[in-house]
Amino acid sequence: MRIAMIGSGYVGLVSGACLSEFGHQVICVDKDESKIAALRQGVMPIFEPGLDEVVAANVKAGRLTFETELGKAVSSADAVFIGVGTPSRRGDGHADLSYVFAAAEEIALALTGYTVVVTKSTVPVGTSRKVEEIIRRIKPDAQFDMASNPEFLREGSAIGDFRRPDRVVVGCDSERAREVMREVYRPLFLNETPILFTSRESSELIKYAANAFLATKITFINEMADLCEKLGADVQDVSRGIGLDGRIGGKFLHAGPGFGGSCFPKDTLALVKTARDAGLPTQIVEAVVAVNDERKLRMAKKIEAAFGGVKGKTIAVLGLTFKPNTDDMRDAPSLVIVPKLQAAGAVIRAFDPEGAKEAAKHLNVQQCKDAYDAIQGADGVVILTEWNEFRALDLAKVKAALKTPLVIDLRNIYRPAMMAQAGFRYVSVGRAEADGR
Ligand code: UGA
């Protein structure tokens, strides 16, 4: 199979690289010349574990190449995937589809022979039909079918997610296109990955519904965590206790500072808009968006309260990215929490293993060389992102470096009893405070 991947951002690049690993001939296209030049040199535009190896191996094998012009890639392709960005439109929260539609116009001009055009980016219900209309208008005699094939990979574990997905969803109305899509994903059938064929509208909505459901699950457990704190219960026991019910499932029940990232905030907002436009507001998703926004401010207040006011205090912040194993800062809770603490008079010494460069674009904080450097002389530590290297800090060293032994862990990566034993005052999420001073 010959595949053109239009857009070499997170989804496009990971999908393109992994599809070439399946044995397909893939050309990844991006208008950003410096990005393509870097990719040709083996330099990745994002930090994603394992991505550089997959790219290098498939470039070496001659299956993966990079281009700035889509013409050649599209004209030779059996399937053209649109993986360009769909940011939140400023002002109204709708997904901005200008890149998708611009790609559709260019694709139309370059199509030759029968081709399946696939929307891979997360796009609102109805977009695949609009893309089809654009292509038909520009090239009425084009031989093509449209398909919707949303991507469910997570940042930080994107390669593993693409290689072993829970399911592949394909929305399309033509049997010929279904055959092409079956062929694209045939290597996954060995793992018995379910492939679900639906209409394009269902496929597009599955993506939003999946993200909104996961965001709801997180928001639900975050509310339970607050209730646990008030009632003297332990949210980790509650998560486990409900998660063992197979109908609920234990995943995505970690209480924390609120969800962030490039997907949940944008996609929940877009679903809210879609539903409102359809005259059927989704009350649950609207509540999730509002509760999650408010949560980040609440976390800043929680930190201030734990410090008894942060004016003039130096706070070591461990982790700035929205989750570990990424350098992505989009909608990271740190972007709300850190400026709030600074506005209240705190001095922030931060460390993030991979996010320092990205964080520097958004936050004006002192970036330290490692966790201990950040902690040195601080009045307390706040753990904002659960990077593995923060999970087993040398507690004696931490205590010795701190002015006062206060640890605020918004990811619950330590056990309260252990922290008390190590002599800390330990504040976490949805669990009783421990005080070993
Ligand atoms: C999410 C989905 O998990 C993917 O399936 C989807 O493909 C992707 O969005 C997308 O639409 O492209 P991602 O944003 O990479 O993936 O990261 P997640 O691991 O889902 O985490 C999202 C946020 O939820 C993070 O801020 C994380 O800290 C938070 N989270 C997650 C919790 O607070 N608690 C949890 O139990 C799980």
Side-chain angles (χ1 to χ4, degrees), residues 7 9-15 18 46-49 51 83 85-88 95 119-124 149-162 164-169 204-225 235-236 238-240 242-243 248-271 288-289 291-293 295-296 299 319-337 355 383-387 409-413 428-430:
Y10 221 105
V11 167
L13 183 56
V14 172
S15 309
C18 290
I46 45 168
F47 173 78
E48 178 63 39
L51 179 61
T86 54
S88 267
T119 47
K120 188 99 185 118
S121 313
T122 300
V123 288
N149 171 221
E151 184 47 61
F152 300 99
L153 56 80
R154 288 164 299 175
E155 292 188 16
S157 52
I159 303 290
D161 286 349
F162 198 95
R164 288 176 298 279
D166 289 337
R167 78 304 205 184
V168 171
V169 174
E204 288 166 339
L205 188 55
I206 284 169
K207 173 66 196 181
Y208 282 99
N211 274 1
F213 191 86
L214 292 168
T216 303
K217 214 172 165 188
I218 296 166
T219 307
F220 179 83
I221 203 65
N222 284 342
E223 275 201 336
M224 289 302 116
V235 75
Q236 273 173 317
V238 173
S239 290
R240 196 161 151 70
I242 64 172
I248 296 173
K251 291 183 183 161
F252 273 65
L253 283 179
H254 299 289
F259 61 78
S262 65
C263 305
F264 288 171
K266 171 169 76 80
D267 294 350
T268 45
L269 215 53
L271 184 57
V288 165
V289 170
V291 171
N292 192 64
D293 283 348
R295 181 159 193 85
K296 295 175 185 172
M299 290 298 116
L320 296 169
T321 51
F322 83 97
K323 65 183 246 181
N325 298 325
T326 180
D327 59 355
D328 201 333
M329 286 293 297
R330 282 177 285 179
D331 273 307
S334 64
L335 294 178
V336 175
I337 296 171
I383 300 172
L384 271 192
T385 317
E386 68 278 35
W387 286 88
D409 175 5
L410 298 187
R411 300 287 183 170
N412 289 351
I413 58 178
S428 57
V429 177

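As the structure lists them, so they are numbered: ligands from 1, and atoms in each ligand from 1.
Among all non-hydrogen protein atoms, the one lying nearest atom 15 (O) of ligand 1 is E155 N, 2.7 Å. In terms of protein heavy-atom proximity, atom 26 (O) of ligand 1 is closest to G260 N, 2.9 Å. Looking from atom 28 (O) of ligand 1 to the surrounding protein, the closest heavy atom is R411 NH1, 2.9 Å. Nearest non-hydrogen protein atom to atom 33 (O) of ligand 1 is I218 CG2, 3.5 Å. Of the protein's non-hydrogen atoms, the one nearest atom 10 (C) of ligand 1 is C263 SG, 2.8 Å. Nearest protein heavy-atom contact of atom 34 (N) of ligand 1 is H254 O, 2.9 Å. The protein heavy-atom contact nearest to atom 19 (O) of ligand 1 is K323 NZ, 2.8 Å. Looking from atom 3 (O) of ligand 1 to the surrounding protein, the closest heavy atom is R154 CG, 3.3 Å.
In terms of polar-atom proximity, defined here as any N/O pair under 3.5 Å, N211 does make such a contact with ligand 1. Distances between N or O atoms of E386 and those of ligand 1 include no value under 3.5 Å. In terms of polar-atom proximity, defined here as any N/O pair under 3.5 Å, F152 does make such a contact with ligand 1.
Using a 4.0 Å cut-off to heavy atoms of E151, the atoms of ligand 1 that qualify are 7 (O). Ligand-side atoms of ligand 1 in range of D267: 11 (O), range being under 4.0 angstrom from any heavy atom. Atoms of ligand 1 found under 4.0 Å from any heavy atom of F259, numbered from 1 in the order shown, are 23 (C), 24 (O), 26 (O).
With K217 contributing its side chain and I248 its backbone, the two residues share a donor-acceptor pair below 3.5 Å. Formation of a donor-acceptor pair under 3.5 Å by the N222 side chain with backbone atoms of G256 is found in this model. For the pair K323 (side chain) and G261 (backbone), a donor-acceptor distance under 3.5 Å is absent.
Residue K207 places a heavy atom under 4.0 Å from ligand 1. Heavy-atom distances between T122 and ligand 1 stay at or above 4.0 Å for every pair.
Nearest heavy atom pair, residue V123 against residue Y208, reads O-CE1, 3.2 Å. Shortest non-hydrogen contact noted between V429 and V235 is O-CG1, 3.3 Å. Nearest heavy-atom pair across L384 and G319 is CB-O, 3.2 Å. When all heavy atoms of A212 and T268 are compared, the closest pair comes out as CA-CG2, 4.1 Å.
Under 4.0 Å from ligand 1, the heavy atoms of L153 that appear belong solely to its backbone.
Remark: F220 CZ is loosely packed, at most 12 non-hydrogen atoms of other residues, nucleotides or ligands lying under 6.0 Å away.
Among T86, N211, D331, the one residue that satisfies the side-chain hydrogen bond (donor to acceptor under 3.5 Å, both in side chains) test with K266 is T86.
Side chains of F152 and I206 form a contact here, defined as non-hydrogen atoms less than 4.5 Å apart. No side-chain heavy atom of V11 sits less than 4.5 Å from a side-chain heavy atom of S121.
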